[in-house]
Chemist: 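Before we start, here is the structure in question, set down as structure tokens.
Everything numeric in this text was worked out from a predicted model, so none of it was measured. Chain A is the first sequence line, chain B the second, and so forth, proteins listed ahead of strands; every chain is numbered from 1.
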Number of protein chains: 2
Amino acid sequence: MDNKVKSTINDVAREAGVSKRTVSRVINGSPSVGQATRERIDAVIKELNFQPDKQARGLASKKSYLLGLIYDNPDALYIDQVQRGCLTVCTNLGYELVVHPCHWQEDDFVEDCLNFISRSNVDGVLILPPVSESKKLASALRANNHPYVRIASADLDDHANIVISNEREAMQDIAEHLVSLGHKDIAMISGPSPFCSSRERLEGFTDSLKKLNIDLPAHRVIEGQNSYESGLEIAKNIFSGTDLPTAIFANNDEMAAGVIRVASDLGIKIPEQVSLAGFDDNIFASRIIPSLTTLRRPVQEISVVATKKLIQAINPQNKAVEQTTVIKPYLITRESTAKCIKED
Amino acid sequence: MDNKVKSTINDVAREAGVSKRTVSRVINGSPSVGQATRERIDAVIKELNFQPDKQARGLASKKSYLLGLIYDNPDALYIDQVQRGCLTVCTNLGYELVVHPCHWQEDDFVEDCLNFISRSNVDGVLILPPVSESKKLASALRANNHPYVRIASADLDDHANIVISNEREAMQDIAEHLVSLGHKDIAMISGPSPFCSSRERLEGFTDSLKKLNIDLPAHRVIEGQNSYESGLEIAKNIFSGTDLPTAIFANNDEMAAGVIRVASDLGIKIPEQVSLAGFDDNIFASRIIPSLTTLRRPVQEISVVATKKLIQAINPQNKAVEQTTVIKPYLITRESTAKCIKED
DNA sequence: TTGTACGCGTTATCAT
DNA sequence: ATGATAACGCGTACAA
């Protein structure tokens with residue numbers, strides 16, 4: 001196997017007895033190449049194990065065949081799934097994935113991302129929540145003509161530039177699930193109010209419950225920070241009161257895990273006394289005791305769609321294939337929710 | 001801010017009134033540039049916000065300033081930490097990180113990795129366990145002169161090419177911890193025997209216990225698959241027996257989580273009846289009930305060292321700074337281990 | 001349908 | 001210490 005010698009387009013051209021311009025045409029799938037010529041060149045390409053050099057290609061065409069992944073998300077599992085989904089598309093189309101964690105709360109974060117893009121020469125970027133909610137970043141990218149696709153939980157951009165996880169609608173499923181179990185006094189530990197996802201979930205939950213004739217009063221909504229510690233703190237508050245809700249929805253599994261911990265410490269049985277549900281289907285949602293009823297985003301599917309959109313945005317000449325834009329999370333029922341035993 | 005126009009080395013040269021060769025020298029820190037010239041050029045570089053183009057640089061110098069990360073590891077948290085550690089070094093030195101998950105059990109995996117390297121033009125690769133244990137991959141890389149650094153749990157390469165997590169020695173800590181709590185009848189759920197890490201941990205545990213005059217008999221060692229499901233299965237076996245061990249060490253937190261689940265289902269109290277410890281300090285180790293005593297690898301620190309080594313391997317002209325090679329995991333004590341109550 | 005010639009932004013060779 | 005000039009591998013007007 002002549003792996004050692006990297007053959008160039010010139011080698012292919014010489015070997016096939018054509019000019020390198022024609023080889024270039026074949027590589028890039030130009031239609032104006034004779035059938036016979038194309039086959040001959042294809043054969044030589046295989047024989048020589050030729051792969052166009054990304055650097056040279058980039059230098060000449062202003063394309064790097066690199067995609068950037070911008071995120072600032074403590075959920076490693078989420079990131080990992082996004083990366084894997086993304087790469088299934090990338091590899092097929094000759095793209096590579098360059099990762100860029102950032103700190104979106106910091107002042108220079110937009111500059112930092114812009115800097116990353118020009119440094120690395122990525123052709124476009126995928127932006128994960130919650131960074132994807134940044135209006136500033138999106139405008140900056142648009143202003144600099146950088147192709148991008150956001151993954152977010154609300155409809156905050158042109159549909160060519162976004163894939164939406166419809167969390168508002170997904171909340172209907174958990175609302176119906178809890179109500180069908182007989183719960184009427186339900187509490188919600190919401191996420192940080194600046195996040196779209198928090199608002200979508202809170203409003204989706206409230207609305208869905210209302211449709212089922214259940215009220216979610218203000219005192220039953222407590223804002224958390226989406227962290228385990230925050231879950232601990234709020235759970236202590238809830239459980240120290242005299243009238244407990246019969247069910248709790250936590251904005252994510254992290255906080256739900258905090259609730260489980262406090263309940264366990266206080267001897268409160270989940271789901272016997274209080275039902276509990278989370279959001280994410282985080283890795284420990286199925287491991288924890290009791291295992292968590294939760295809503296799972298089809299993360300990998302979402303990132304596949306997003307990557308396809310991004311590559312489409314980078315290559316506008318390919319006529320736009322219609323792409324999905326909205327994907328709904330779905331309910332996973334486990335041990336932490338059960339029939340409400342409280343009498344009316 | 002003239003962000004829009006990307007200035008080139010020519011702009012800098014013209015503006016500074018020198019040839020571009022000199023600018024190039026300044027960029028690359030060549031010593032043979034006059035003090036005054038250097039300062040003038042530096043000023044222009046700042047003024048024009050000039051950044052050398054990676055593509056062009058790569059084409060000319062055969063360096064892409066891209067680093068590859070090769071792994072096949074279900075533990076997303078581990079990967080994420082590696083990436084973050086790696087990037088702290090990368091960003092400072094002008095490198096970017098390209099990720100490449102692979103399937104190291106498959107036949108063409110070496111070829112796939114080689115392919116990735118030539119496709120992406122990465123200057124070198126970081127290899128994570130368990131892929132890092134592959135002798136075939138390492139030889140192939142060496143044969144093709146591809147710089148690489150492995151992160152592994154045993155001393156299986158030249159110290160310039162490896163960072164070792166000394167798990168054998170770390171096992172001494174958990175052994176001492178359990179014995180100091182009075183445990184004498186200890187079981188171990190080991191990892192898949194083909195993995196170095198499994199062997200290191202098993203032998204390390206056995207030896208450490210022996211030094212403490214505790215025997216780890218063959219029937220107390222059960223081989224697992226490092227998966228939650230595998231933990232479930234083995235735990236069912238152990239707990240269905242008549243004489244239970246007083247402590248169990250599981251090769252990772254995933255399997256330990258399985259043990260906790262089965263114990264909970266069977267009404268066996270951890271740590272009251274059986275102490276339990278894991279390895280990794282996985283995300284749920286601190287969330288699960290009871291929280292897990294475990295061994296944590298300083299993953300981020302390890303990946304920082306590994307990345308530095310890799311960049312050093314890529315640029316051999318920089319005189320080798322002495323680098324750490326061995327880093328020991330450390331014990332984290334939580335709820336799942338307690339005093340042995342069983343009488344002698 | 002195919003080929004020629006040049007340019008992309010940088011590094012490297014060899015002078016001076 | 002500095003500079004002219006040729007690579008590097010590929011894409012692309014323009015020509016044929």
Chemist: Write down the atom of B/A152, the atom of B/L156, and the distance for their closest heavy-atom approach.
Modeler: CB-CD1, 4.1 Å

Chemist: What pairs meet the side chain to side chain donor-acceptor pair (under 3.5 Å) rule with one or both residues in residues 149-164 of chain B, with sequence neighbours excluded?
Modeler: B/Y148-B/D157, B/R150-B/D157, B/D155-B/H159

Chemist: Expressed as a whole number of angstroms, how long is the span from A/Q55:CD to D/dC8:C1'?
Modeler: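 Result: 10 Å.
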
Chemist: B/L59 has an atom CG; how far is it from atom P of D/dA6, in whole Å?
Modeler: 17 Å

Chemist: Looking at every strand, decide which applies to B/S61 at a 4.0 Å heavy-atom threshold: base, sugar-phosphate, or nothing.
Modeler: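 Sugar-phosphate only.
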
Chemist: Taking OP1 and OP2 of C/dG9, is either one under 4.0 Å from a side-chain nitrogen or oxygen of B/R57?
Modeler: no

Chemist: Remember a base hit wins even if backbone is also touched, and classify B/Y65 as base, sugar-phosphate or nothing at under 4.0 Å, heavy atoms.
Modeler: nothing

Chemist: Just call it for A/K62: base, sugar-phosphate, or nothing, with non-hydrogen atoms closer than 4.0 Å on any strand.
Modeler: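 Since only primed, P, OP1 and OP2 atoms lie under 4.0 Å of A/K62, the category is sugar-phosphate.
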
Chemist: Report yes if a donor N or O on one partner sits less than 3.5 Å from an acceptor N or O on the other, where the partners are the side chain of A/R25 and the base of D/dG11; otherwise report no.
Modeler: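 Result: no qualifying N/O pair found.
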
Chemist: Would you say the side chain of A/V23 lies within less than 4.5 Å of the side chain of A/V44, judging by non-hydrogen atoms?
Modeler: no

Chemist: Taking the six-membered ring for Trp, are A/F116 and A/H100 parallel (under 30°), tilted (30 to 60°) or perpendicular (over 60°)?
Modeler: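 Ring orientation of A/F116 relative to A/H100: parallel.
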
Chemist: CG of A/N10 versus C1' of C/dT4: gap in Å, rounded?
Modeler: 13 Å

Chemist: If you measure from the Lys or Arg side-chain nitrogens to the Asp or Glu carboxylate oxygens, is any gap between A/R57 and A/D53 under 4.0 Å?
Modeler: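 No.
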
Chemist: For the helix from C/dT1-D/dA16 to C/dT16-D/dA1, figure out the bend between the end axes, five pairs an end, and round to 10 degrees.
Modeler: 30°

Chemist: What nucleic acid atoms does B/S32 come within less than 4.0 Å of, heavy atoms only: base, sugar-phosphate, or nothing?
Modeler: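 The residue B/S32 makes base contact.
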
Chemist: If you compare every side-chain N and O of B/T37 against the phosphate oxygens of D/dT2 (OP1, OP2), does one of them come in below 4.0 Å?
Modeler: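 Affirmative; the distance criterion is met.
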
Chemist: Would you say a side-chain N or O of A/S19 is under 4.0 Å from OP1 or OP2 of C/dT2?
Modeler: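 For C/dT2, neither OP1 nor OP2 has a side-chain N or O of A/S19 closer than 4.0 Å.
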
Chemist: Could you tell me whether B/D80 and B/R84 have a side-chain N and a carboxylate O separated by less than 4.0 Å?
Modeler: yes

Chemist: Whole angstroms only, please: what is the CG-C1' distance between A/D11 and D/dC10?
Modeler: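 In whole Å, D/dC10 C1' lies 13 Å from A/D11 CG.
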
Chemist: How many whole angstroms separate atom NZ of A/K54 from atom C1' of C/dT10?
Modeler: 20 Å

Chemist: Ignoring hydrogens and geometry beyond distance, is the side chain of A/R21 in donor-acceptor contact with the base of C/dT1 at under 3.5 Å?
Modeler: no

Chemist: Take a 6.0 Å sphere around CG of A/D107 and say whether it holds more than 12 heavy atoms from other residues, nucleotides or ligands.
Modeler: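 Atom CG in A/D107 is not packed in, count stays at 12 or less.
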
Chemist: OP1 or OP2 of D/dA1 versus the side-chain N and O atoms of B/T22: is any pair under 4.0 Å?
Modeler: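 Indeed not, no polar side-chain atom of B/T22 lies that close.
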
Chemist: With nearest nucleotide decided by heavy atoms, which residue, A/R40 or A/K20, maps closer to the 5′ end of DNA chain C?
Modeler: A/R40

Chemist: Tell me which pairs pass side chain to side chain donor-acceptor pair (under 3.5 Å) where either residue lies in residues 127-139 of chain A, with sequence neighbours left out.
Modeler: none

Chemist: Distance check needed: D/dG3 C1' versus B/I9 CD1, whole Å only.
Modeler: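 Those two atoms, CD1 and C1', are 13 Å apart.
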
Chemist: Rounded to the nearest Å, what distance is computed from the CG atom of residue B/D53 to the P atom of nucleotide C/dT11?
Modeler: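 Rounded to the whole Å, the gap is 10 Å.
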
Chemist: Quick one: on DNA chain D, does A/I27 or B/V18 contact a more 5' nucleotide (nearest heavy atom)?
Modeler: B/V18

Chemist: Rounding to a whole Å, what distance do you find between A/I41:CD1 and D/dC10:P?
Modeler: 14 Å

